[in-house]
Structure formats: structure tokens, C-alpha cells
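Working notes for the structure below.
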Amino acid sequence: MPVTPAPPVAPPKPTWDPGQPEGPFPWLRPTIRIRLTLLYGGMFLIAGILLLSIIYLLAAQALRQGNALPFQIVGGQVKVSSTNCSGVMGGPLEPEQFNAAVNHCVLEQRRHALDDLLSRSLMALLGLSIIAFAFGYAMAGRVLSPLGKITRTARRVVGSDLTRRIELDGPDDELKELADTFDEMLDRLERAFTAQQRFVANASHELRTPLAINRTLLEVHLSDPGAPVELQQLGKTLLATNERSEQLVEGLLLLARSENQIVERKPVDLAEVASRAVDQVRGEAEAKGVEIRGERAPAVVQGSGVLLERIALNLVQNAVRYNVPEDGWVEVVTEAQHDQAVLLVSNTGPVVPAYEVDNLFEPFRRLRTERTGSDKGVGLGLSIARSVARAHGGRIQAMPREGGGLVMRVTLPL
């Protein structure tokens with residue numbers, strides 16, 4: 001009799017759980033809720049016991065004072081021993097008057113004792129309240145101190161220092177679980193950023209090498225004096241296309257690198273950076289008849305000089321290239337104001353609608369065109385400038401200028 005084969009067994013589903021396994025008695029885990037409940041419940045109990053003890057002692061003292069006789073009989077005469085009865089038992093009295101005076105004195109003495117008890121109880125309550133608030137503040141700070149450590153580590157991570165870890169010690173409560181989860185996230189982020197940097201480096205090498213080879217081959221063929229005119233014209237066209245591809249690759253790689261925060265910062269004078277950018281563009285500006293002017297005051301910031309120079313160079317280049325055909329000008333100004341370094345690049349040029357200003361910072365976006373060819377650039381200048389400004393903790397704004405052109409404002413923290 002043939003044996004029917006058993007159906008294949010499906011592989012088990014993954015049951016990995018990143019959380020910590022719970023013990024047999026999860027309610028015994030020293031969580032923050034349980035610790036705070038025990039802490040503040042115990043403090044309330046201790047404060048109540050102390051307050052009751054103080055009130056008991058004060059009440060006992062008040063009863064002793066209130067039940068004391070306000071007079072003494074000495075040699076057949078009544079001697080007043082309390083100041084509360086000096087006004088009603090000052091002379092000879094009839095028995096009824098004497099009894100009424102005694103009752104009045106006792107009631108008056110009890111009233112003073114109760115008033116004294118109330119005032120002392122309020123003082124005791126005020127003192128215990130101050131002690132309870134101070135003790136509670138200290139204990140709350142001790143319980144919540146891990147949150148401060150987590151916050152400080154997160155602030156350091158914001159500066160792209162992904163090697164920082166919390167490594168929180170203490171009981172296995174919610175804060176330690178949060179810290180451990182945060183450390184695991186930092187591990188994954190560090191691996192991701194490391195892989196990204198490695199990819200950018202490899203892509204830089206793989207993309208630059210063939211373009212450099214193509215440029216060399218084209219330059220060699222163009223240097224041949226016996227080459228036909230048509231071939232030379234084709235070679236120049238291909239060389240210009242290759243150069244544009246190189247600029248595009250350089251821009252994309254710089255844009256990828258500048259998306260991160262700057263780890264190694266050095267003092268950089270924004271005026272010097274702007275002056276170097278102006279010097280590099282001055283020849284192109286003179287060829288187009290564009291005047292470059294403006295005063296550049298010292299403004300020292302912490303950052304990367306190469307990337308900050310790229311911001312100034314991109315802005316000045318755009319201001320020169322996108323200008324009016326005649327009598328155009330570009331104004332480059334640097335200054336320090338309100339704990340910020342400011343770079344202003346203003347220029348004459350075509351009228352820019354306000355609703356199209358934000359689109360200029362998107363990659364490959366130009367005024368009234370998208371992803372179109374142009375001999376003025378590759379469409380990444382303002383995107384790179386914005387990324388570099390963000391990496392330095394600053395921002396860049398574009399505002400249309402009256403009469404045409406733009407005002408580009410870069411602010412960086414000093």
C-alpha cells in the first residue's frame with residue numbers, strides 16, 4: 001500500500017521581540033509608577049505622622065494651660081494668677097458674682113489656649129510643607145535625572161556625534177528601557193551613516209573616473225591639428241557635455257555630504273569667505289558687465305571653511321549669471337548682528353514672483369522651468385547652499401527685490 005507523503009510543514013514565523021522578556025511576576029518590576037507611588041505615599045504617611053504628633057503635643061500643652069485654675073485662695077483671699085481674670089476679680093465679690101467670674105475666666109483661658117494651639121499648628125504645618133516640598137523636589141530630581149542624561153545625549157547626537165551612548169545604569173524601569181532603546185537606535189543610525197559615507201566615497205570614485213577618462217580622450221583628439229573641423233566641433237560639444245556631467249556629479253556628491261551636521265568645526269571669517277568667492281567670480285562678472293560691490297565686515301563663525309565658501313560662491317555666481325544684460329550689479333555684504341553672522345547677496349535681474357521663490361531651492365528647479373538644460377549651471381547651487389547652511393545650524397532665505405532680482409540672506413550662529 002503506497003504511503004502518502006506528509007504535507008510540507010511551513011517554516012515557523014519569526015517571533016523575535018525587541019522588548020525585554022517579562023518575568024513571572026511583571027507587577028513586581030520596579031517601574032517608575034511603583035517607585036513614585038511608594039515614594040510620595042511614604043512621604044505623605046511620614047508627614048501625616050509628624051503632623052499628628054506635633055498637634056498631639058500642642059493639644060496636650062493647651063489642655064494643661066486651659067485647665068489650670070486662674071486663681072489661688074491664700075489666707076481666705078482670692079489671688080488672681082492669670083492675666084485673663086485681672087479685670088473681673090479685682091475686688092470683693094458675692095458668691096454668685098464669684099462663680100460667674102470664675103466661669104468667665106476659665107472660658108477666656110481656654111479660648112486663649114485654643115488660639116495658641118491653632119497658631120502653633122499652622123506654623124508646624126507651614127514648616128512641614130516647606131520640608132516636604134524641598135524633599136519632594138530633591139527626590140523627583142533624583143528619580144528623573146536619567147531623563148536629563150537622555151536629553152543631553154540626544155543634543156550631542158543632533159551635532160552628528162553618533163558615537164555617544166547613554167549607557168544608563170540603575171533599576172530595570174521605563175527610563176532604562178527607553179535609554180536602551182535609544183542606544184539601539186543610535187547603533188543603527190551610526191551604521192546607516194557609515195554606510196552612506198562609504199557609498200558617497202565609492203560613488204565619487206566610480207563616477208569621476210569614467211568622466212575624467214572621457215575628458216582626457218576628448219582633449220587628446222582636440223589637440224590633433226589634422227582633425228577635420230566637423231570632428232573638432234563635435235569634440236568641443238562632447239567636452240562641454242562631459243564638463244557639465246562632471247559639475248552635476250560634483251554637485252550631487254557635495255549635496256549628499258552637506259546634508260549632515262558638521263562635526264569638525266573651526267573659526268571661519270565669513271567676510272574672508274565672501275571675498276574669496278567674489279575674487280573667483282570677478283572675471284565672469286567683468287565679462288558680463290556686472291559690477292560687484294558691498295562692504296564685508298568681519299563675522300567669525302564655527303564651521304567648515306570649504307563648505308561656507310561654497311555657499312558664497314554659489315550665491316555670487318547665481319547673482320552674476322542671472323542678471324540684467326546691461327548696467328547690472330551684485331552687492332555682497334557680511335555683518336554680525338544679534339549673535340548671528342549674516343551674508344547678504346543682492347542683485348539686479350529679472351522680476352521674480354514671490355510664489356516661485358521657494359521653488360528655487362529645490363534640486364534641478366529654475367525660474368519658470370523644471371529640469372531643463374541651461375548653460376548657466378546644473379540647478380543644484382541653491383540646494384547645496386541650503387543644505388550647507390542647515391548643516392551649520394543656520395538658514396537661508398530668498399526675497400524678491402523691488403525692480404527685479406533677488407536678495408539672498410544667509411544667517412549662521414556665531
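In this text the structure is predicted, and so the values were computed from the model without any measurement. Side chains are part of it too, since the values below use all heavy atoms of this structure and drop only hydrogens, waters and symmetry mates.
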Sequence neighbours excluded, which residues qualify as side-chain hydrogen bond (donor to acceptor under 3.5 Å, both in side chains) partners of [X]?
X	result
E190	R165
E284	R321
R215	E246
E335	Q337

How many angstroms lie between atom [atom1] of [X] and atom [atom2] of [Y], to the nearest 0.5 angstrom?
X	Y	atom1	atom2	value
I311	M408	CD1	CE	10.5 Å
T348	E326	OG1	CD	11.5 Å
Q232	L239	CD	CG	12.5 Å
M123	I54	CE	CD1	11.5 Å
I292	E286	CD1	CD	8.0 Å
L238	L231	CG	CG	9.0 Å

Notebook entry, point to check: If you measure from the Lys or Arg side-chain nitrogens to the Asp or Glu carboxylate oxygens, is any gap between D187 and R191 under 4.0 Å?
Noted result: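 So D187 does not pair with R191 through a salt bridge.
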Note to self: Show me the pairs that pass salt bridge (charged side-chain N to carboxylate O under 4.0 Å, His left out) and involve residues 292-301, at least two apart or across chains.
What the structure shows: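 Residue pairs with at least one partner in residues 292-301: there are none.
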Checklist line | Residue pairs, two or more places apart or on separate chains, that pass salt bridge (charged side-chain N to carboxylate O under 4.0 Å, His left out) and touch residues 268-280 | finding: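 Of all non-adjacent pairs touching residues 268-280, those that pass salt bridge (charged side-chain N to carboxylate O under 4.0 Å, His left out) are R276-E309, D279-R282.
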Under 3.5 Å donor-acceptor, [X] side chain and [Y] backbone:
X	Y	answer
T334	L270	no
N242	L211	yes
H392	L307	no
N347	E331	no
D339	L414	no

Check: K288 and N323: side chain to side chain contact (heavy atoms under 4.5 Å, CB included), yes or no, with the steps?
Finding: CA-CA 9 Å; K288 290 181 174 291; N323 215 304; over 6 Å; no
Can you tell if the side chain of [X] reaches within under 4.5 Å of the side chain of [Y], non-hydrogen atoms only?
X	Y	value
L344	V407	yes
R310	I384	yes
K266	S304	no
P400	V357	yes
L308	V301	yes

Next item on the list: In sequence, state the C-alpha distance, the side-chain angles, and the governing distance for E177 and D180, and then conclude on side chain to side chain contact (heavy atoms under 4.5 Å, CB included).
Entry: CA-CA 5 Å; E177 183 178 357; D180 294 342; 5.7 Å; no
Applying the side chain to side chain contact (heavy atoms under 4.5 Å, CB included) criterion to [X], which one of [options] satisfies it?
X	options	answer
V320	V278, L315, V330	V330
S53	L51, I49, L57	I49
L343	V332, V333, V316	V332

Next item on the list: Apply side chain to side chain contact (heavy atoms under 4.5 Å, CB included) to the pair R409 and V342, showing each step before the final yes or no.
Entry: CA-CA 7 Å; R409 177 184 177 89; V342 180; 3.8 Å; yes
Checklist line | side chain to side chain contact (heavy atoms under 4.5 Å, CB included) assessment of V273 paired with V268 | finding: CA-CA 8 Å; V273 167; V268 180; 3.4 Å; yes
Check: More than 12 foreign heavy atoms under 6.0 Å from CE of M185: is that the case here?
Finding: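 Counting neighbours around CE of M185, more than 12 heavy atoms of other residues, nucleotides or ligands fall under 6.0 Å, so yes.
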